[in-house]
There are 2 protein chains.
Amino acid sequence: MVGHPEDNENLTDNEGSTDGEDFLAAERDIRKRLGDRELDLDSLHAISNIYRAATAVRRRAEREVLAQHNLSWGGFTILWVLWVWGQMDTARLASECGLAKGTLTGMLTTLERRRLVEREQVKTDRRKVTVALTSDGLTLIEDLFPRFNAYEVAMSEGLSLTEKRELARLLRIVISNALQKGVRG
Amino acid sequence: MVGHPEDNENLTDNEGSTDGEDFLAAERDIRKRLGDRELDLDSLHAISNIYRAATAVRRRAEREVLAQHNLSWGGFTILWVLWVWGQMDTARLASECGLAKGTLTGMLTTLERRRLVEREQVKTDRRKVTVALTSDGLTLIEDLFPRFNAYEVAMSEGLSLTEKRELARLLRIVISNALQKGVRG
DNA sequence: CATGAATCGTTCGGTGCCAAAAGATCTCGC
DNA sequence: GCGAGATCTTTTGGCACCGAACGATTCATG
């Protein structure tokens with residue numbers, strides 16, 4: 001048995017408040033509970049909040065912006081990348097979207113069935129396949145993206161311009177660390 | 001380096017470099033490609049980098065830290081929360097882990113089958129179930145967490161203490177926005 | 001040319017994960 | 001007490017998503 005939940009308070013009897021505020025709870029007093037091991041709590045909070053923010057932002061976007069078009073976050077990302085960058089082969093598309101190749105295949109099939117994207121074999125190298133938006137896909141993303149961006153603005157509420165840029169900058173450092181190859185296992 | 005917008009037909013001829021650097025490519029020249037719509041690119045970069053960072057960090061953690069114990073990120077999170085906070089009912093656990101309740105059920109079953117956690121019906125309210133670490137689970141998380149924290153430190157490399165705290169702070173604002181209830185539909 | 005190595009997309013097996021519906025239990029007015 | 005409604009968890013159905021294995025194609029080398 002770990003910790004003493006009853007020590008400080010009855011954690012379980014404020015059930016109504018599990019949203020919007022007590023997500024901070026998990027951060028409180030962690031040091032107290034963990035004692036003085038050699039832990040870097042600042043790294044912990046920085047990294048774990050990334051994931052927490054990402055799932056919260058994603059889930060809400062899927063509910064409030066994407067669901068009306070039957071798009072998942074991943075599907076939306078695919079359309080967006082193709083919109084901004086134009087057609088590209090699947091390997092690059094997967095990398096741009098942050099997806100495994102195998103994952104992309106299935107999602108492309110879904111999008112293709114809905115006539116939002118099109119696959120085409122590359123003539124000069126028949127191993128490769130390029131993917132492009134159809135006109136339906138173009139219409140959809142052009143209609144949807146401004147609303148998605150408005151959602152991003154809403155998620156950034158309370159951040160100044162400087163802070164948004166700082167947030168993006170700090171995250172880029174983390175991304176770069178995570179994508180770096182070949183650490184010691 | 002990737003990206004001259006002009007010759008984007010030939011994006012495919014620099015294939016080897018899809019890691020570690022050209023994740024920045026998607027950010028460059030977006031304005032040029034998108035024209036002058038009323039878009040807030042600072043919010044876009046801030047928010048989209050959150051997700052990009054989260055998946056990169058998660059995937060690598062699962063490969064390099066968690067896989068040797070057959071744990072997913074979600075499974076690890078459950079153990080960690082139970083470790084830090086002690087036993088709790090499933091609703092609260094789901095909220096702490098950022099999971100849907102239904103998701104938690106399945107993952108708890110997996111963890112329970114491996115004897116890492118235990119469910120127990122609450123006597124005073126038989127609808128509720130509390131979850132606690134078993135001694136095996138305790139052993140595992142106590143062994144694993146220091147290594148996980150070392151991984152978090154590695155992912156924060158290049159960030160000063162101040163920057164880590166700033167990153168966590170800015171993310172908390174985003175989390176709070178995303179968890180807020182009842183925006184206009 | 002021929003053949004082994006490299007590269008590319010897809011297939012496959014298995015979780016993770018969600019939303020909605022179902023099932024179980026408690027509560028409260030009457 | 002008793003039934004309607006509120007609260008819990010679990011079940012269900014369906015994608016998303018990964019890693020490894022596979023088949024097809026291209027390329028390098030002799």
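The sequence lines fix the lettering, A, B, ..., with proteins before strands; numbering per chain opens at 1.
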Would you please confirm or rule out a distance under 4.0 Å between OP1 or OP2 of [N] and any side-chain N or O of [X]?
X       : N       : result
R58(B)  : dC17(C) : yes
R119(B) : dT10(D) : yes
T103(A) : dA16(D) : no

Open item on the list: Ring centres under 6.0 Å, that's the criterion: do W83(B) and F76(B) meet it?
Closed with: no

Between [atom2] of [N] and [atom1] of [X], the distance in whole Å:
X       : N       : atom1 : atom2 : value
D125(B) : dA6(D)  : CG    : P     : 17 Å
L108(B) : dC17(C) : CG    : P     : 12 Å
I78(A)  : dC15(D) : CD1   : P     : 15 Å
K128(B) : dT10(D) : NZ    : P     : 14 Å
N70(B)  : dT15(C) : CG    : P     : 10 Å
L79(A)  : dA16(D) : CG    : C1'   : 15 Å
M107(A) : dA16(D) : CE    : P     : 5 Å
L99(A)  : dG19(D) : CG    : C1'   : 14 Å

- [ ] Hey, which sits more toward the 5' end of DNA chain D by its nearest nucleotide, V129(B) or E62(A)?
- [x] V129(B)

Task: First of R126(A) and L71(A) reached from the 5' end of DNA chain D, by closest nucleotide - done: L71(A)

Task: Candidate nucleotides dG9(C), dT25(D), dC26(C), ranked by approach to the side chain of R127(A) - the nearest - done: dT25(D)

Task: Minimum-distance nucleotide (side-chain atoms of S72(A) versus dA16(D), dT9(D), dC17(C)) - done: dA16(D)

Task: First of G106(A) and K123(B) reached from the 5' end of DNA chain C, by closest nucleotide - done: G106(A)

Check whether [X] reaches the backbone of [Y] with its side chain - one donor and one acceptor, N or O, closer than 3.5 Å.
X       : Y       : result
T109(A) : T105(A) : yes
Y51(B)  : T55(A)  : no
T103(A) : L99(A)  : no

Looking at every strand, decide which applies to [X] at a 4.0 Å heavy-atom threshold: base, sugar-phosphate, or nothing.
X       : result
T105(B) : base
L104(A) : nothing
G74(B)  : sugar-phosphate

Task: Atom CZ of R169(A): over 12 foreign heavy atoms under 6.0 Å - done: yes

